[in-house]
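Below: one structure, written as structure tokens.
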Amino acid sequence: MQVDNRERRLNDWLSRHQGLVIKVARSFARETHDRDDLLQEIAFQLWQSIPGYRSQVAETTWIYRVAFYTAINWSRKEEHRKQRNCQLGEQALGLLSKQVDEDPRVAWLYERIAELDPVDRSLTLLLLDGFSYREMSETLGISESSVGVRIHRIKKSLTNQLTRENQHVL
Amino acid sequence: MCFEEIQSIWNSQKPVEKAVDETALLNWIRSRDQAFARVVGATEIVMVLTLLFVAAMFFRDPLVEGHDRILMVAGLMSLLAAAFVWSGRVARRKRVVNYDDSLLGIVEKSLDAVNYQQRRMQSFVWWFAAPMSVGLLIAWWIVDPAKRYLFYTIFIPGFVLSMALAYWQIGRENRRNLAPEKARLEGLRDRLRQG
């Protein structure tokens with residue numbers, strides 16, 4: 001695939017699905033610096049994945065797969081990446097131009113999501129973004145019944161935590 | 001309290017528009033893509049060139065001088081080892097993660113790739129050692145006995161040292177990168193398979 005086409009595709013994906021990528025980065029990295037780092041890594045993996053992209057797969061499904069796989073791998077490889085970025089003579093770029101959301105409730109929710117197991121974290125993002133059980137099953141490769149069991153557990157956990165938080169505030 | 005409140009908090013997020021510096025990101029991706037290709041490619045090319053040089057040394061006497069044709073056996077083995085390293089380079093380039101599959105499928109393919117890489121690395125020492133050993137043995141056998149001391153003082157110790165270094169480096173790479181990567185992928189695969 002020509003480099004120009006690849007860059008056009010990447011720019012197109014980042015323009016239309018930037019929110020999706022940022023949500024994944026926020027869920028897997030708590031600090032702003034780390035989010036920039038993860039965002040760079042996801043964007044790079046999207047770039048690497050473009051030659052293999054087939055239009056039979058929905059773009060959001062493809063981007064979610066890349067983002068989840070990259071994010072789940074990310075924390076262990078963070079040390080190696082910092083060494084490599086030093087070799088390139090660059091630090092994280094400060095890509096996020098502003099804090100994405102100031103609402104404390106949203107920040108609280110992202111913190112709760114970040115505490116989940118990486119697989120449950122991925123499921124939660126898909127659930128909150130309106131994916132069906134079948135779509136979640138196809139994206140992650142687990143059975144729909146397994147999706148249902150995990151979703152039930154996640155909903156119960158998040159709801160209980162929100163209840164405790166509201167009682168604490170009151 | 002029900003999950004709908006969680007959902008409404010999520011839905012209350014402002015739409016994200018142009019929050020990312022795309023120009024800076026694309027420039028970074030280009031430079032990283034090139035740097036990655038340079039580092040990995042250079043290592044494999046050095047290995048292949050070394051093996052080709054060793055093969056040329058083994059072929060020199062039989063083809064140019066017309067004697068000690070048995071050294072061609074070692075030369076041929078060196079060429080085969082160079083082909084093995086080159087085929088690994090081609091195979092590695094093809095093993096870029098393909099996201100056609102689900103996350104579990106990607107993890108399983110990545111695990112296969114890591115296992116394959118481990119096997120290749122562990123067998124590399126023997127692929128490299130075998131032609132060199134055969135060559136040394138043949139050379140020791142046919143050389144003027146008065147010059148055999150060179151084998152005991154230079155060639156054999158040099159060979160043993162380079163093989164020991166290669167073995168140590170491969171073991172280190174496996175311990176630091178491949179084995180932890182494999183453990184992590186296996187853990188992720190098991191979590192995905194659990195209910």
Side-chain angles (χ1 to χ4, degrees), chain A residues 7 10-11 14-15 18-19 21-23 39-40 43-45 47-49 51-54 57 62 65-66 68-69 72-73 76 84 87-88 90 93-98 100-101 103 105-106 108-109 117-119 122 128 137-142 145-146 149-150 155 158-160 162-163 166, chain B residues 1-36 38-39 94 96-110 176-177 180-181 183-185 187-195:
Chain A
E7 288 188 7
L10 182 65
N11 277 332
L14 288 176
S15 296
Q18 202 173 101
V21 176
I22 290 174
K23 285 176 192 174
L39 201 61
Q40 283 175 234
F44 182 72
Q45 294 303 326
W47 164 264
Q48 297 270 66
S49 79
Y53 176 67
R54 303 286 175 263
V57 178
W62 185 272
R65 281 179 190 164
V66 175
F68 285 150
Y69 185 73
I72 290 172
N73 283 338
R76 189 194 70 82
R84 191 172 54 237
Q87 287 168 9
L88 287 175
E90 295 180 14
L93 296 175
L95 296 168
L96 290 169
S97 58
K98 56 180 183 282
V100 180
D101 205 301
D103 186 342
R105 296 181 311 156
V106 172
W108 174 89
L109 182 54
D117 169 89
V119 175
S122 307
L128 291 170
S137 169
E138 283 173 2
T139 301
L140 296 185
I142 57 180
S145 59
S146 180
V149 167
R150 286 176 183 260
K155 281 184 175 180
L158 287 175
T159 307
N160 287 343
L162 183 60
T163 304
N166 287 342
Chain B
M1 194 65 57
C2 56
F3 190 75
E4 278 67 27
E5 188 173 347
I6 301 279
Q7 186 69 63
S8 72
I9 293 172
W10 185 258
N11 294 343
S12 73
Q13 292 182 85
K14 298 186 188 67
V16 174
E17 287 179 13
K18 296 296 178 188
V20 174
D21 185 345
E22 291 173 19
T23 305
L25 186 55
L26 204 51
N27 288 338
W28 179 86
I29 285 171
R30 284 192 203 108
S31 64
R32 179 171 163 186
D33 203 23
Q34 287 162 9
F36 180 75
R38 271 200 305 271
V39 168
K94 286 182 180 171
V96 173
V97 179
N98 186 350
Y99 295 94
D100 263 347
D101 213 333
S102 65
L103 185 63
L104 178 58
I106 292 164
V107 168
E108 286 174 341
K109 282 179 188 165
S110 298
R176 286 182 67 177
N177 295 319
E181 173 92 2
R184 191 185 47 75
L185 287 170
L188 181 55
R189 180 198 58 192
D190 293 342
R191 281 199 295 276
L192 283 165
R193 284 178 177 171
Q194 282 168 6

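Because only heavy atoms are used, hydrogens play no part in the values below, and waters and symmetry mates are left out as well, while side chains stay in. In what follows, chains are A, B, ... by sequence order, proteins preceding strands, each numbered from 1.
Contact count versus chain B (heavy atoms, under 4.5 Å) is highest, among A/Lys155, A/Arg54, A/Glu138, for A/Lys155. Of all the listed residues (A/Thr139, A/Val21, A/Val57), the one sharing the greatest number of non-hydrogen pairs under 4.5 Å with chain B is A/Thr139.
The CD atom of B/Gln13 sits 10.5 Å away from the CZ atom of A/Arg105 when rounded to the nearest 0.5 Å. Here the straight-line distance linking atom CG of B/Leu192 with atom CD1 of A/Ile72 works out to 7.0 Å at 0.5 Å rounding. Rounding to the nearest 0.5 Å gives a distance of 8.5 Å between CZ of A/Phe68 and CG of B/Leu103. Expressed to the nearest 0.5 Å, how far CG of B/Asp101 lies from OH of A/Tyr69 amounts to 11.5 Å. Distance check: A/Arg150 CZ to B/Gln194 CD gives 6.5 Å after rounding to the nearest 0.5 Å.
Closest non-hydrogen pair, A/Leu140 versus B/Ser102, comes out as C-CB, 3.7 Å. Nearest heavy-atom pair across B/Leu104 and A/Gly141 is CD2-O, 3.2 Å. Taking both residues in full, the closest heavy atoms of A/Ala43 and B/Leu25 are given as CB-CD2, 3.5 Å, listed atom of the first, atom of the second, then distance. Closest of all the heavy-atom pairs between A/Leu158 and B/Ile6 is O-CD1, 3.7 Å. Scanning both residues, B/Arg191 and A/Pro118, for their nearest heavy atoms gives NH2-CG, 4.2 Å.
Within the 4.5 angstrom heavy-atom criterion, only side-chain atoms of A/Leu10, from C-beta onward, approach chain B. A/Val66 touches chain B through backbone and side chain together, each having a heavy atom under 4.5 Å away. With a 4.5 angstrom heavy-atom cutoff, A/Leu128 touches chain B via backbone and side-chain atoms both. Interface remark: A/Asp117 contributes side-chain atoms only to the contact with chain B (heavy atom separation under 4.5 Å).
Contact annotation: the side chain of B/Glu5 never approaches that of A/Thr159 to less than 4.5 Å [non-hydrogen atoms, C-beta and beyond].
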Check your understanding: Can A/Leu162 and B/Ile9 be said to form a side-chain contact (heavy atoms from CB on, under 4.5 Å), step by step?
Key -> CA-CA 11 Å; A/Leu162 183 60; B/Ile9 293 172; 4.2 Å; yes
